[in-house]
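Reviewing the structure listed below.
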Amino acid sequence: MSLIPLLAPLAAILILGLVAPVRRTGRPAAFISIAGALTALVAAAMTWQQVTTFGPILTEWNWLLDAQGTLATVGVLADHDSSLMLLLVTLVALLVQVYSLGYLSDEPPAALGRYYLYQSMFAFSMIGLVLAPNLLQLFICWELVGLCSYLLIGFWFKKHSAARAAVKAFWTTKAGDVGLLIGIVLLWRHTGTFDFAELRLLVESGMVGLDGLALITFCLYLGAAGKSAQLPLHIWLPDAMEGPTPVSALIHAATMVTAGVYLLTRTAFLFALTPDVLLIVGWIGALTALAAAMMACAQNDIKRVLAYSTVSQLGYMMAAIGAGYAAAGFFHLLTHGVFKALLFLGAGAVIHAVHTNDITQMGGLARRMPQTMVVFVIGTLSLAGLPLFAGFLSKEEILAAVWAGGVTVPFILLLAGAFLTAFYMMRVVFLTFFGTPHAGHQGEGHHAHDAPWSMTGPLWILAIASMVIGVYFTFSHPELPFEPPAWLAATATGVALAGIGLAWATYQRHLIAPETLASMAGPLRVAAARGFWIDEAFLLVYRQILQRMAAIFGWLDRYIVDGVLNVVSAWTVSAGEQLRRVQTGRVQDYVLAVGAGVVAVVWFLGGLW
């Protein structure tokens with residue numbers, strides 16, 4: 001059963017990849033891909049139930065062998081964490097594929113078929129990553145996920161900005177992947193295994209040496225930082241919004257970007273042995289959470305607001321892991337995946353209706369798009385972390401974990417980020433759904449309406465899931481491995497309500513002018529709007545260092561490497577020209593040469609005698 005979630009999208013890939021007429025007809029390709037995603041979701045639910053009842057499921061086959069035995073295996077490992085992650089991935093993949101039927105209905109059939117082929121490829125790669133029983137298989141699927149992200153971000157490859165964003169995402173994440181690969185190789189050299197279960201046994205039995213382990217875990221973290229968009233490697237994620245909005249919901253909210261968090265959750269037992277590296281993870285996570293929230297406040301593109309919000313929430317997850325409580329970060333990963341997918345798909349419905357991403361050019365859509373408004377508000381309140389909504393307990397648990405970890409400054413940074421999160425999301429709500437419609441879009445706003453069932457259906461499923469999760473955890477209060485302070489829940493809720501109140505006073509009641517608020521922030525807002533010039537810093541490094549290094553290596557290649565080869569080849573040609581003169585083609589010359597040879601041999605032999 002645990003293999004079916006992996007085999008279902010693989011079957012869809014084979015059909016769409018090999019049967020060209022099906023792929024080029026668009027909607028049949030969509031139905032094949034959706035059928036694969038639905039099968040994977042049903043199998044994932046059954047796998048989760050089986051794991052809950054009977055415990056972990058491990059199925060492996062030998063892959064690489066050496067003289068000592070098995071070097072590496074492939075297979076599936078379904079346990080508590082991977083089965084829950086599998087449910088999230090397959091659910092969001094299915095809903096996004098159904099949603100895409102309406103959102104991309106105007107695409108040519110061949111383009112639509114290509115899109116669903118990429119979707120099935122991504123689902124297969126992500127499921128393979130989630131179920132990987134060892135680091136080697138995880139890395140292979142990790143790279144496949146990166147490839148699919150590149151293809152889906154650049155789906156509209158004729159659009160220059162989309163093509164550039166795809167390349168930027170690919171190479172930025174590859175910078176971190178180099179660290180991950182080095183870490184995996186060093187870990188195998190250190191322990192002799194790639195297998196998660198064997199690594200855990202070695203750690204529990206005290207057989208993993210601490211010498212060099214900090215370097216290994218830091219290299220693993222570099223890979224996670226690239227995939228999960230931690231400072232300063234976050235720069236690819238906002239630009240990735242150039243892809244179709246359903247792609248943003250699938251890859252850049254619920255699944256691929258959380259792969260780094262998932263990796264650190266899987267290897268938390270190793271990181272526990274290197275507290276210095278955990279401290280780095282926690283501090284960078286907290287700084288990412290606050291900096292990205294500040295950048296989201298300065299954005300007017302609804303998708304870029306959500307992109308920076310995703311970066312910020314990933315920072316929260318990393319902060320919990322850095323505090324030593326990976327379970328809290330993983331819990332927020334699961335709830336965030338549901339309500340952030342809801343927000344991205346809700347934003348897609350708005351963009352689909354008004355044909356602009358700019359929230360300052362919207363307004364008044366609550367009357368014309370009531371269903372979209374309701375589900376978007378549910379997603380917003382979940383992200384803000386209010387009681388009865390999905391993000392309430394998971395965000396509170398992260399704050400409690402960081403407080404229990406004794407890192408006070410990151411805790412304060414996360415509280416400030418929670419205030420800004422509530423502010424910028426309610427700013428989006430007020431500017432988009434309430435107030436006066438923008439004059440430049442009166443016509444489009446007047447005809448705006450809720451999306452067709454293929455788009456609203458997934459929205460309502462995610463909204464209901466967000467509410468069910470929120471209500472359940474608000475009243476159940478599962479037992480935590482630490483005792484949160486009594487004041488924490490009230491403080492976290494109060495901070496969120498303060499952010500909502502400031503947005504209401506500014507953008508709904510107009511008690512505070514937005515310009516006044518911006519001027520109060522001063523240079524900080526300018527810096528946030530420019531992304532704290534991190535992109536420019538990378539460009540400066542590229543131009544001042546990498547380009548000069550490229551010029552130096554180019555000169556060495558042209559004049560040293562090529563020069564040596566050219567001299568050797570010239571000598572060879574010259575020697576050949578000289579030697580070629582021996583072959584005259586006249587018989588008498590050859591007879592003379594043979595006679596001279598005989599005389600030389602006789603003379604030589606006579607000397608020996």
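Because only heavy atoms are used, hydrogens play no part in the values below, and waters and symmetry mates are left out as well, while side chains stay in.
- Nearest approach of G417 to L290, heavy atoms of both residues: N-CD1, 3.9 Å.
- Within 6.0 Å of OH on Y150 lie no more than 12 heavy atoms contributed by other residues, nucleotides or ligands.
- When every heavy atom of A451 is checked against every heavy atom of T456, the shortest pair comes out as O-CG2, 3.1 Å.
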- Task: Report the C-alpha separation of D358 and T360 in whole Å, then their side-chain angles, then the decisive distance to 0.1 Å, and conclude whether the side-chain hydrogen bond (donor to acceptor under 3.5 Å, both in side chains) test is met.
- Result: CA-CA 5 Å; D358 193 336; T360 64; 2.6 Å; yes

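- Using cut-offs of 30° and 60° on the angle between ring planes, the pair F155 and Y118 is perpendicular.
- Using a 4.0 Å cut-off between a side-chain N of Lys or Arg and a carboxylate O of Asp or Glu, R368 and D450 do not qualify as a salt bridge.
- Between the side chain of S312 and the backbone N or O of Y308, no donor-acceptor pair lies under 3.5 Å.
- Between H336 and F339, the angle of the ring planes goes over 60°, which puts this pair in the perpendicular group of the 30/60° scheme.
- Nearest heavy-atom pair across K174 and G146 is NZ-CA, 4.5 Å.
- Looking only at distances, a side-chain donor or acceptor of Y316 sits under 3.5 Å from a matching main-chain atom of L414.
- With hydrogens and angles ignored, the 3.5 Å screen pairs no side-chain donor or acceptor of T516 with any backbone N or O of I512.
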- Message: Before you tell me yes or no, could you show the steps for Y507 and F430 under ring-ring contact (aromatic ring centres under 6.0 Å, His included), namely the whole-Å CA-CA distance, both residues' side-chain angles and the distance that decides it to 0.1 Å?
- Response: CA-CA 6 Å; Y507 298 101; F430 289 131; 7.8 Å; no

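- Closest of all the heavy-atom pairs between T245 and F344 is CG2-O, 3.2 Å.
- A donor-acceptor distance shorter than 3.5 angstrom exists from the side chain of T173 to the backbone of F170, with no hydrogens or angles considered.
- Not a single ring-ring contact (aromatic ring centres under 6.0 Å, His included) links F122 to another residue, sequence neighbours left out.
- Under the 3.5 Å distance criterion, the side-chain polar atoms of T493 are left unmatched by any main-chain donor or acceptor of A490.
- T258 places a side-chain N or O within donor-acceptor distance of the main-chain N or O of T255, the cut-off being under 3.5 Å.
- Nearest approach of A326 to I321, heavy atoms of both residues: CA-CG1, 3.9 Å.
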Output side-chain donor-acceptor pairs under 3.5 Å for residues 524-538, partner residues at least two apart or in another chain, one line each.
from, atom 1, to, atom 2, distance (Å)
R530, NH2, E536, OE2, 3.0
D535, OD1, K168, NZ, 2.7

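- Between the side chain of T265 and the backbone N or O of V261 there is at least one donor-acceptor pair closer than 3.5 Å.
- Classification of the F423-F419 ring pair by plane angle, with boundaries at 30° and 60°, yields parallel.
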